[in-house]
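Everything below concerns the one structure shown next.
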Amino acid sequence: MSIAATVGIPVITGVPACIHDGFVSLENLKANKRFMLYLLKASEPRLREAGQSGSQMNVNSDIVRGLTVRIPSSVEEQARVASVLWDLDDLIVSLENAIVKKRAIKQGVMQELLTGRTRLRGFTDEWSTRSLSTFGTFLRGGGIKRDEVRQAGVPCIRYGEIYTTFEDYTISTVSFVSGSVAAMALPLRSGDILFAGSGETKAEIGMNVAYIGDTPAVAGGDIIVLRGTEYDPVYLATLLNTPELANQKARGGQGDAVVHINWRVLAGLEVTVPELPEQHAIAQVLIDADDEIAALQRRLDATRAIKQGMMHELLSGRTRLAVKEDAA
């Protein structure tokens, strides 16, 4: 168990190992090993509170040795509690791995479909190379100050959220402003593509998100908006965030401490795209993949919450598991 820096994290070693003085080893336990693992996990906050502050948090072996815990006297009950929590951990790991696999599959599908290397069934028309200016009109977002953002009100998107919060497209926002502030900002339409007009690095400027929500929303300052009808917003926004297009945008960035991009640079970007029906079809494939990932993520979040609740109940003794009695 770690006793320095990140204090109180226990693990069970699966192979012969050695430790340095930032750890303590609990050996020859007179209790179920896995049960003790979860009991110590639940005790992490108490150990951190007992930690000695300095250049970094630490506890010593005496503090660990003096930690008091409540534990079932029956080793069989300990094992049953540990088995329930261990099974939940196995499920959590399998869900995490499934999400990683689904994301990798989506990434591969994107590389094939967005480049035209792989075509969806029924589509054979040639793709055309066009500048972004041919897709619609470029607009500027209005100024929304940080202290004007609220927990509720008119939905708004701020430029920093484009590269910190959203990914390719969104139907909702995380920020809101009052009606009076919204009246001074740029109203958004479903299908608008929003670009970050500034950022701290060239990798951030020009990142974009398509707003496809039905709820009226507004755009904050330092946002450049592409508004048109000759594109599928999910398709085009995803394409514009690919490394090749990101490099084109980065080359058009100006500045050092704060990097800016001009709408004319964005308007001059060249993309090779299929006709609108094929854009719609590709976008639906991407949306379906994202829906699968989101469903797995919701299940993962729910399983983590269930495990947390079960640890709270089972390790405190408030809820007990029945122990099978031997047949007479």
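Only heavy atoms go into these numbers, but all of them, side chains included; no hydrogens, no water, no symmetry mates.
Two residues are said to be in side-chain contact when any heavy atoms from C-beta on lie closer than 4.5 Å; Thr129 and Val271 fail this criterion. Tyr231 is not listed as a side-chain neighbour of His280, based on a closest heavy-atom distance of 4.5 Å or more. You'll find the side chain of Asn97 stays beyond 4.5 Å of the side chain of Ser94, heavy atoms only. Taking the side chain as every heavy atom from C-beta outward, Glu44 and Ile9 approach each other to under 4.5 Å. Here the side chains of Leu40 and Leu26 are in contact, with some heavy-atom distance below 4.5 Å. Side chains of Ile261 and Gln254 form no contact here, defined as non-hydrogen atoms less than 4.5 Å apart. Using a 4.5 Å heavy-atom cutoff, the side chains of Val225 and Phe138 are not in contact. With a 4.5 Å cut-off on side-chain heavy atoms, Ile193 and Val209 do not count as touching.
Residue pairs meeting the salt bridge (Lys or Arg N to Asp or Glu O under 4.0 Å) criterion with at least one partner in residues 283-293, sequence neighbours excluded, are Lys102-Glu292, Lys106-Asp290. The side-chain hydrogen bond (donor to acceptor under 3.5 Å, both in side chains) analysis of residues 173-189, with sequence neighbours excluded, yields the pairs Glu161-Ser175, Ser178-Ser180. Among residues at least two apart or in separate chains, salt bridge (Lys or Arg N to Asp or Glu O under 4.0 Å) pairs with a member in residues 210-228 are Asp192-Arg227.
From Thr238, atom OG1 reaches atom CG of Leu245 across 11.0 Å, with rounding to the nearest 0.5 Å.
Taking Ile, Leu, Val, Met, Phe, Trp and Tyr as members and joining any whose side-chain heavy atoms lie under 4.5 Å apart, directly or through other members, the hydrophobic cluster of Phe23 also contains Ile19. Here Ile99 sits in one hydrophobic cluster together with Leu91, Ile92, Leu95, Ile293, Leu296, Leu300; the rule is ILVMFWY side chains under 4.5 Å apart, joined directly or through other members.
In this model, no donor atom of one side chain and acceptor atom of the other lie less than 3.5 Å apart for Ser74 and Glu76. Checked by atom type, the side-chain pair Asp89/Tyr38 shows a donor-acceptor distance below 3.5 Å.
Across every non-hydrogen atom of Leu113 and Thr118, the tightest pair is CD2-O, 3.4 Å. What you find for Leu226 and Phe195 is that their closest heavy atoms are CB-CE1, 3.9 Å. The shortest heavy-atom contact between Val59 and Leu47 is CG1-O, 3.4 Å.
Checked for salt-bridge contact, Glu77 and Arg320 meet the test: a charged N lies under 4.0 Å from a carboxylate O. Between Asp301 and Arg298, none of the side-chain N atoms (NZ, or NE/NH1/NH2) sits under 4.0 Å from a carboxylate O, so this pair counts as no salt bridge.
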Item to check | Chi angles and distances behind the side-chain hydrogen bond (donor to acceptor under 3.5 Å, both in side chains) call for Ser25, Glu27 | outcome: CA-CA 6 Å; Ser25 174; Glu27 300 177 342; 3.2 Å; yes
Check: residues 146-160 side-chain donor-acceptor pairs under 3.5 Å, at least two apart:
unit_1, atom_1, unit_2, atom_2, d
Glu148, OE1, Lys145, N, 2.9
Arg150, NH1, Asp147, O, 2.9
Arg150, NH1, Glu148, O, 3.4

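When the shell of 6.0 Å around CD of Glu167 is examined, it contains 12 or fewer heavy atoms from other residues, nucleotides or ligands.
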